[in-house]
Amino acid sequence: DNCLYSHDVVELAKSNGLYNNNDDSSSSNEDDFSFSDIYDKVTFEGARLCDARTWAVFSILSTDANFQQKYESYAKGIDLTNRMPLWIQPNHKLLLKDVIQLLDNHYEHTALASNQDVGAGPFQSPYRSGPLIWHHDGNCFHNERPIAIQKTGFTLVAQIRMHMPTPLSSILWFGVDDSSTAPRYPVYGSSRKVSPAYSGKGPQDGVPSPVLKFDLNKAFWVQNMVANFAYSHQWNSIFPLIHKKKQEILDSFLQGLSQIDSKAIQLFSQNSKDAMIQTVTDYSVMAGDQLHNEWLQYYGELFVRFRDFGDITVKKDNPNCNCEVQLKPYSNRWKNILVRDTGTHYSCHHESQDMKESNNFLRAINQHTSSASSEYVPVETPITYLSKLELKSLK
């Protein structure tokens with residue numbers, strides 16, 4: 001009663017041998033017909049690598065506080081009979097920000113979170129470099145496929161505003177690359193152009209996408225730069241900053257949209273359709289240009305701060321650079337993994353007097369060396385690469 005479907009959806013299954021109920025005397029015999037089971041029977045991969053995304057969203061939005069736990073066995077692909085409902089009633093009215101937030105999801109705080117095992121590395125990354133399905137010693141394994149993944153061409157949220165005049169009713173919030181790291185900008189549905197940073201020819205025009213040609217003028221590359229810097233460096237430090245920056249950009253665009261809406265509605269009421277469309281087109285192009293430039297600048301800010309695995313922040317009382325460098329230590333969990341895997345390979349054996357002298361001297365060096373220098377030596381870790389002769393020559 002709540003779904004739209006073709007009138008012959010059951011008959012088609014019968015004619016193709018997919019559904020064996022041939023008794024047409026009573027429609028009640030078709031009450032057990034399952035579109036999913038007949039046309040695309042659920043498998044482990046279908047549940048774990050696809051439906052688990054829906055499970056993550058429903059777990060956040062459901063009025064049932066136990067939804068996540070109740071259907072966890074299905075999301076894991078363990079109990080394929082424990083099917084989730086096709087839809088739920090959200091626990092609150094969803095706003096644009098809510099939907100965008102859901103697209104940032106990596107299964108955090110669920111049984112499928114992949115940012116805590118050894119594959120996450122020292123900086124708790126939810127990403128994996130290998131294929132979804134891989135094999136080892138004759139056994140099959142998989143990586144998780146959360147909502148936000150690195151292999152993303154573009155991401156969008158379509159906002160339909162039924163209270164607005166038709167030419168102003170739709171806004172496309174568009175981004176490229178990973179949905180959790182990509183900022184989105186608004187494009188009016190009636191806009192006749194988009195920013196050059198987001199335009200170009202591809203397969204839809206009969207030519208290959210220029211994915212092998214780096215171009216700083218294109219948003220695809222700049223947004224990939226930010227995402228890949230976070231992947232390969234300190235994910236658990238950088239991603240929260242990216243998330244916050246994206247929210248600030250969204251808030252700014254929402255404020256700008258309000259002003260453009262007012263101007264466009266006024267033109268619409270004056271039957272100045274062309275002027276109205278030109279207004280929203282100009283804004284859509286400007287928004288894309290502005291975001292592209294801002295995100296390129298943001299990449300530079302992140303690179304300056306987190307280069308060489310440090311965290312370089314402002315410290316005005318340092319006359320050398322007005323900055324301070326901190327090296328984020330490994331978590332105890334990662335230390336345990338390293339020690340368990342390497343044994344005594346990295347062990348600092350009994351500290352000799354020469355080593356003590358070396359460390360004391362290096363501490364003195366650090367007190368007189370720019371914190372931003374590439375020669376910065378963290379005194380928290382015993383240093384062994386200066387020999388006694390080198391130490392004496394320095395003295």
Side-chain angles (χ1 to χ4, degrees), residues 94-100 102-103 152-227 245-299:
L94 297 182
L95 303 176
L96 174 68
K97 290 183 178 181
D98 295 322
V99 176
I100 290 178
L102 291 170
L103 296 179
T152 304
F154 61 88
T155 174
L156 61 89
V157 174
Q159 182 184 18
I160 309 300
R161 309 183 300 174
M162 300 301 293
H163 63 286
M164 297 289 284
T166 300
L168 305 175
S169 62
S170 64
I171 299 288
L172 189 68
W173 294 89
F174 191 80
V176 287
D177 198 40
D178 186 335
S179 63
S180 70
T181 58
R184 294 172 176 82
Y185 83 103
V187 182
Y188 279 88
S190 55
S191 177
R192 291 172 175 162
K193 290 173 57 180
V194 295
S195 164
Y198 293 84
S199 65
K201 292 185 177 182
Q204 70 276 13
D205 305 297
V207 297
S209 296
V211 294
L212 298 179
K213 182 179 180 181
F214 181 74
D215 188 351
L216 274 178
N217 294 315
K218 296 300 181 182
F220 174 81
W221 290 111
V222 172
Q223 295 189 19
N224 262 280
M225 285 163 57
V226 171
K245 182 69 172 179
K246 285 173 55 182
Q247 290 180 319
E248 293 172 354
I249 289 172
L250 177 59
D251 289 339
S252 177
F253 278 139
L254 287 172
Q255 185 177 358
L257 272 177
S258 178
Q259 298 172 4
I260 298 300
D261 280 345
S262 297
K263 183 177 180 180
I265 290 174
Q266 183 179 5
L267 292 170
F268 180 81
S269 65
Q270 298 170 354
N271 292 321
S272 301
K273 181 179 178 181
D274 288 341
M276 177 199 67
I277 292 180
Q278 188 61 51
T279 295
V280 299
T281 296
D282 290 344
Y283 176 77
S284 299
V285 173
M286 181 277 296
D289 290 345
Q290 174 184 308
L291 177 57
H292 179 64
N293 293 329
E294 183 174 359
W295 209 242
L296 178 58
Q297 179 64 33
Y298 187 57
Y299 169 77

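The figures that follow rest on heavy atoms only: side chains count, while hydrogens, waters and symmetry mates do not. Sequence positions, counted from 1, serve as the residue numbers for this chain.
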Taking the side chain as every heavy atom from C-beta outward, state whether Val285 and Val194 have any atom pair closer than 4.5 Å.
-> no
Is the backbone N or O of Leu254 less than 3.5 Å from a side-chain atom of Ser258, with the two atoms forming a donor-acceptor pair by type?
-> no
Pro167 backbone acceptor or donor facing Ser190 side chain under 3.5 Å | yes
Rounding to 0.5 Å, atoms CG (Leu102) and CG (Leu94) come to a distance of 7.0 Å
Intermediate values then yes/no, side chain to side chain contact (heavy atoms under 4.5 Å, CB included), Val99 and Trp173 | CA-CA 11 Å; Val99 176; Trp173 294 89; over 6 Å; no
Criterion side chain to side chain contact (heavy atoms under 4.5 Å, CB included) on Met276 and Ile265, from CA distance to verdict | CA-CA 8 Å; Met276 177 199 67; Ile265 290 174; over 6 Å; no
Contact check, side chains of Val222 and Asn217, non-hydrogen atoms, under 4.5 Å | no
Could you pull out the closest heavy-atom pair between Glu294 and Ile249, with the gap in Å?
-> OE2-CG1, 3.8 Å
Over all heavy atoms of both residues, which pair between Ala182 and Lys246 is shortest? Give the atoms and the distance, please.
-> O-CE, 3.3 Å
Would a line drawn from the ring center of Phe154 to the ring center of Tyr198 be shorter than 6.0 Å?
-> no
Locate the shortest heavy-atom distance separating Met225 from Leu216; write the atom from each residue and the value.
-> SD-CD2, 3.7 Å
Using atom types as modelled and distance alone, determine if a side-chain donor or acceptor of Ser169 lies under 3.5 Å from a backbone N or O of Arg161.
-> no
How far apart are the closest heavy atoms of Ser209 and Pro203, and which atoms are they?
-> OG-CD, 3.1 Å
pair Lys245-Pro183: side-chain heavy atoms closer than 4.5 Å = no
Distance-only side-chain donor-acceptor flag, Tyr188 / Asp261, under 3.5 Å | yes
Is there a donor-acceptor pair closer than 3.5 Å between any side-chain N or O of Ser191 and the backbone N or O of Val187?
-> no
Are side-chain heavy atoms of Phe253 and Leu291 found at a separation under 4.5 Å?
-> yes
State whether the side chain of Ser179 and the backbone N or O of Leu103 hold a donor-acceptor pair below 3.5 Å, judged by distance alone.
-> yes
Distance-only donor-acceptor check, side chains Asp289 and Ser195, under 3.5 Å = yes
Under the salt bridge (Lys or Arg N to Asp or Glu O under 4.0 Å) rule, collect the residues that match up with Lys218, sequence neighbours excluded.
-> none
Evaluate the criterion side chain to side chain contact (heavy atoms under 4.5 Å, CB included) for residue pair Leu250 and Leu96; output intermediate values, then yes/no.
-> CA-CA 10 Å; Leu250 177 59; Leu96 174 68; 4.1 Å; yes
What pairs with Lys201 under salt bridge (Lys or Arg N to Asp or Glu O under 4.0 Å), at least two apart in sequence or on another chain?
-> none
Short question: side chain of Asp205, backbone of Gly202 - any donor-acceptor pair under 3.5 Å?
-> yes
Apply the test salt bridge (Lys or Arg N to Asp or Glu O under 4.0 Å) to residues Asp282 and Lys193: give CA-CA distance (whole Å), side-chain angles for both, the deciding distance (0.1 Å), then the verdict.
-> CA-CA 8 Å; Asp282 290 344; Lys193 290 173 57 180; over 6 Å; no
Does CD belonging to Gln270 count more than 12 external heavy atoms closer than 6.0 Å?
-> yes
Rounded distance [0.5 Å steps], OH in Tyr283 versus CD in Gln259 | 8.5 Å
If you look at every heavy atom in Asp177 and Thr181, which pair is closest and at what distance?
-> OD2-OG1, 4.4 Å
Show your reasoning for whether side chain to side chain contact (heavy atoms under 4.5 Å, CB included) applies to Leu172 and Arg184.
-> CA-CA 9 Å; Leu172 189 68; Arg184 294 172 176 82; over 6 Å; no
From Met164 CE over to Gln159 CD, what is the distance, rounded to the nearest 0.5 angstrom?
-> 9.5 Å
Nearest-0.5 Å distance, CG of residue Asp274 to CG of residue Leu267 = 10.5 Å
Nearest 0.5 Å, what's the CG-CD1 distance between Leu156 and Ile171?
-> 13.0 Å
CG of Leu257 to OG of Ser284, rounded to nearest 0.5 Å, is 8.0 Å
So do the side chains of Leu212 and Phe214 get within less than 4.5 Å of each other, counting heavy atoms only?
-> no
Under the 3.5 angstrom rule, does the side chain of Ser269 hit a backbone N or O of Gln266 as a donor-acceptor pair?
-> yes
